[in-house]
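Read the structure below first, then the notes.
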Amino acid sequence: MKTETSPLLRPQIDFDRSLAEFQANVSPRVIEALKVAAEIHKNDFRIVTGEPYLNHCVAVASLLTNWGADEDEVVAGLLHDTWEDHPEKITLDDIADNFNERVSHLVSGVTKLKSRRGEKNEFETLKKVTKESFIERGVALIKLADRLHNMLTMEGMSPMTQERKARETLAVYAPLAESFGLWQVKNLLQDLSFKYVEPKRYSLTTEMIDGDPRLETTFIEKREEELQKLLAQNGIRAEVGHQVGGYWEMAEKQKKFGMRASAQPNSFAEISDVISFRVVVEDGELADCYKALGIVRLFYEGKLMKQRHNDYLGVSAVNGYSALHDTYRFEEGDIEVAFSTKSKESFNNWGVVSLDKEELKKNPELYQRKLIFTPKKELVFMEIAARGIDVAYKLNPLLGLRAVGIMIDGKMNPLEAVVPNASEVEVMFDRDQTRPKVECLEYGNPSTRRWIEHQLLVAQRDEEVARGEEMIRSEILSERGILNIVDLDRSLVDKLLMELGCWNGLADLYYKAAYGLDLKLVGKKMDELGVVRGRYTSIQIRGINEIGISKDLAQIVNRFGGDVRSKVEKVDDRDKFVVRVLLTIGYEAKKKMEFELKEKFPDCVVI
């Protein structure tokens, strides 16, 4: 059954397609820039479409206007290719004289951020250019508008060129947009790239999401109306709207969630920000966000997913995003309800372009970005003050957890070192490190601190789980001839867990054991399930891996009449092996087998 969805469900790409449209509502200074661009590009045409090149300049300037760029940025958008394409007709000094120094600076910055002859891609260009200066707001906006219009006009290009440009956009320009808080632009760039990079997956994703029951007009209108009415009844002045997640972003989340087994691999039902209902209160009423959250929680009692709450209101994300998030489970699928203020929500959608000039002047370094590179040709846009530990967590939270130092341009540095712009970094890590460094909480950015706090909680729980596992092994399993409970039949283990109310698996059992679960009760339940003393024997051998070990072990067990119930074999990356066997065998035969096993394998345990 086809769902009825709103035609305006997703943000539209709005820009003027003609000179007449563009000229209708712009300043005399922008008109003057348009005349200059028209004169410089009068004999230029786009290679694929054959249309006048000026059309591209107008599209870029129009996009910038609609995004809320200032007049200098719009003027520079019109002129962004003039100096590069025709240095014989116009110089940067000419641009400065006719407009101002900032416009000249912006045109220069955008021109530098273009692939030059002999350079394979934008990656190489960025590496050279960012050594000269940080990436500032105006240059980023113009470059993003330029790339967005180029992505919209790729139909006539070869498939190879389309894919190359799309991958470049995903690797460079979507992260650039995200780093400046331009959520809308990021999603547009990702979705336009998606159809060229993975056309089959793109088709499947769009079909599934567009047919999602949460995006039906009736579902959206019902949720918005009930939230609006609920908040008004409780004295909260707020506007309620919605946002729909980008196709690429949702597809990538589905892939990650599926790999973690935290969502169905071929469904978007558990991905809550397929649709996000936005509750936006008046500026100056920040406390109303928390009040509204409490009111909604009471109203949707029973649907709240308590473990899926995020507070970016108290401490904003690194790119400035600021809101409270709750997830609710409906029959149609999970939804996100977010709470923010008007000005914060404006920044959430449009980042730096939502700020006025005074705000930008107060802390200009907050709205500049440095670019960090890795030997694997990964790149990340970071705030100016970002340190080594922030880069590690940005690349991969697991890498951050294991990080012990950072190599910056070939020199070893501590994790607290501020990473210079355009540096090549390599995170040095300890594979055996299972806890993040607590001292990093003192100097990491907000995102880094959130990850560390989360990982510390997980590590603490893991330590308690390990303590409980050892208690059960030493006090319950060993006297029953078992080294690891997973060696028992799966159905038997599941029955034990159900009997003890451990609905989340063995980790629940171990955690409860660490915190006072009566181990005598565990033993009694195992006896009732037939796991009694004298029934089982376990063997574990370790050593350097070599051919024939499994065969030798099997021959000894068989010779003494052992009946193998389960066998686990592992070899690590250092070529060390461990073999664990659960079997049944008579008492006398067990003693003889144990003697021979220990003669053959020096590191051998038999219980």
Side-chain angles (χ1 to χ4, degrees), residues 178-183 186 227 230-231 234-243 245 272-273 276-300 304-328 334-352 354-355 359 362-363 365-367 369 382-387 389-390 393-394 397 400-401 436-461:
E178 182 179 29
S179 74
F180 279 96
L182 297 164
W183 178 85
K186 174 191 78 91
L227 287 170
L230 173 69
L231 294 168
N234 286 273
I236 303 288
R237 290 187 303 157
E239 296 174 6
V240 179
H242 69 272
Q243 289 176 352
S272 60
D273 47 351
S276 176
F277 290 93
R278 317 294 296 185
V279 176
V280 182
V281 306
E282 297 293 323
D283 286 335
E285 303 294 338
L286 191 65
D288 279 354
C289 290
Y290 292 94
K291 291 178 187 175
L293 178 139
I295 291 164
V296 173
R297 283 187 169 190
L298 289 173
F299 184 73
Y300 287 143
L304 177 67
M305 309 292 288
K306 292 181 181 178
Q307 73 277 21
R308 293 170 68 181
H309 167 77
N310 287 299
D311 186 347
Y312 297 108
L313 204 57
V315 180
S316 299
V318 176
N319 65 0
Y321 180 88
S322 186
L324 291 169
H325 289 186
D326 264 348
T327 296
Y328 295 91
D334 295 354
I335 67 167
E336 178 180 274
V337 181
F339 305 82
S340 194
T341 65
K342 281 188 176 180
S343 60
K344 288 180 182 296
E345 185 69 352
S346 178
F347 190 92
N348 291 342
N349 288 319
W350 290 103
V352 292
S354 69
L355 304 174
E359 288 179 281
K362 284 179 189 175
N363 296 296
E365 70 280 356
L366 294 179
Y367 310 109
R369 295 293 177 267
M382 302 291 294
E383 70 278 13
I384 304 304
R387 299 171 184 264
I389 191 63
D390 301 320
Y393 273 95
K394 181 74 172 179
L401 182 149
K437 293 184 177 296
V438 179
E439 60 268 26
C440 294
L441 287 169
E442 298 175 10
Y443 48 77
N445 68 27
S447 177
T448 297
R449 292 199 297 273
R450 280 195 189 94
W451 270 112
I452 292 173
E453 287 164 357
H454 170 71
Q455 289 170 340
L456 285 171
L457 285 174
V458 171
Q460 288 166 8
R461 178 179 168 82

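Note: hydrogens, waters and symmetry copies are ignored here, and every other heavy atom, side chains too, is used. Heads up: numbering here begins at 1 and tracks the sequence.
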(request) Going by the side-chain contact (heavy atoms from CB on, under 4.5 Å) test, name the single residue among Lys306, Met305, His309 that passes it with Asp326. (result) His309
(message) Any carboxylate oxygen within less than 4.0 angstrom of a Lys/Arg side-chain nitrogen, looking at Asp288 and Lys291?
(response) yes
(message) If I take atom OG from residue Ser340 and atom CG from residue Leu324, how far apart are they, to the nearest 0.5 angstrom?
(response) 8.0 Å
(message) Please find the pair of heavy atoms, one from Ala292 and one from Ile236, that lie closest to each other, and give the distance.
(response) CB-CG2, 4.4 Å
(request) Check whether any side-chain heavy atom of Val281 lies under 4.5 Å from a side-chain heavy atom of Lys342, and answer yes or no. (result) no
(request) Quick one: pull up CZ in Phe299 and OH in Tyr328 and give me the separation to the nearest 0.5 Å. (result) 10.5 Å
(request) Please name all residues satisfying side chain to side chain donor-acceptor pair (under 3.5 Å) with Arg278, sequence neighbours left out, ordered by chain then number. (result) Ser276, Tyr321, Glu345
(request) Look only at the side chain of Ser322 and the backbone of Tyr312, and say whether a donor-acceptor pair between them is shorter than 3.5 Å. (result) yes
(request) Test side-chain contact (heavy atoms from CB on, under 4.5 Å) on Trp451 and Leu401 and set out the steps. (result) CA-CA 9 Å; Trp451 270 112; Leu401 182 149; over 6 Å; no
(request) Kindly give the heavy-atom pair with the smallest separation between Ala238 and Val279, and that separation in Å. (result) CB-CG1, 4.0 Å
(message) Is there a side-chain contact between Thr341 and Cys289 in this structure, where contact means two heavy atoms from C-beta onward sitting under 4.5 Å apart?
(response) yes
(message) Any non-hydrogen side-chain atom of Pro436 less than 4.5 Å from a side-chain atom of Leu456?
(response) yes
(message) So for atom CZ, which belongs to Arg237, do other residues, nucleotides or ligands contribute more than 12 heavy atoms lying within a distance under 6.0 Å?
(response) no
(message) On a heavy-atom basis, which atom in Asn348 and which in Gly320 lie closest, and how many Å separate them?
(response) OD1-O, 4.2 Å
(message) In the structure I gave you, are the side-chain heavy atoms of Arg450 and Gln455 within less than 4.5 Å of one another anywhere?
(response) no
(request) Verify, without hydrogens or angle tests, whether Asn234 (side chain) and Leu231 (backbone) share a donor-acceptor contact under 3.5 angstrom. (result) no
(message) For the CZ atom of Phe339 and the CG atom of Leu293, what is their distance to the nearest 0.5 Å?
(response) 4.5 Å
(message) Using side-chain heavy atoms (C-beta onward) and a distance below 4.5 Å, is Glu336 in contact with Phe277?
(response) no
(message) What I'd like to find out is whether the side chain of Leu286 reaches to under 4.5 Å of the side chain of Lys344, using heavy atoms alone.
(response) yes
(request) Indicate yes or no: does Arg308 engage Asp334 in a salt bridge with an N to O separation below 4.0 Å. (result) yes
(request) Output the distance between atom CD (Gln243) and atom CG (Asp273), rounded to the nearest 0.5 Å. (result) 10.0 Å
(request) Output the distance between atom CZ (Phe347) and atom OG (Ser354), rounded to the nearest 0.5 Å. (result) 5.5 Å
(request) Taking all non-hydrogen atoms of both residues into account, name the closest pair between Tyr443 and Ile389 and its distance. (result) CE1-CG2, 3.8 Å
(request) For residues Met382 and Ser179, determine if any side-chain heavy atom of one lies less than 4.5 Å from a side-chain heavy atom of the other. (result) no
(request) Flag the pair Thr327 / Ile335 as yes when at least one side-chain heavy-atom distance between them is below 4.5 Å, and no otherwise. (result) no
(message) Using 0.5 Å steps for rounding, measure from the CG atom of Leu227 to the CD atom of Glu239.
(response) 14.0 Å
(request) Would you please name every residue forming a side chain to side chain donor-acceptor pair (under 3.5 Å) with Glu383, sequence neighbours left out? (result) Asn445
(message) If you count every heavy atom of other residues, nucleotides or ligands that lies below 6.0 Å from Lys394 atom NZ, does the total exceed 12?
(response) no
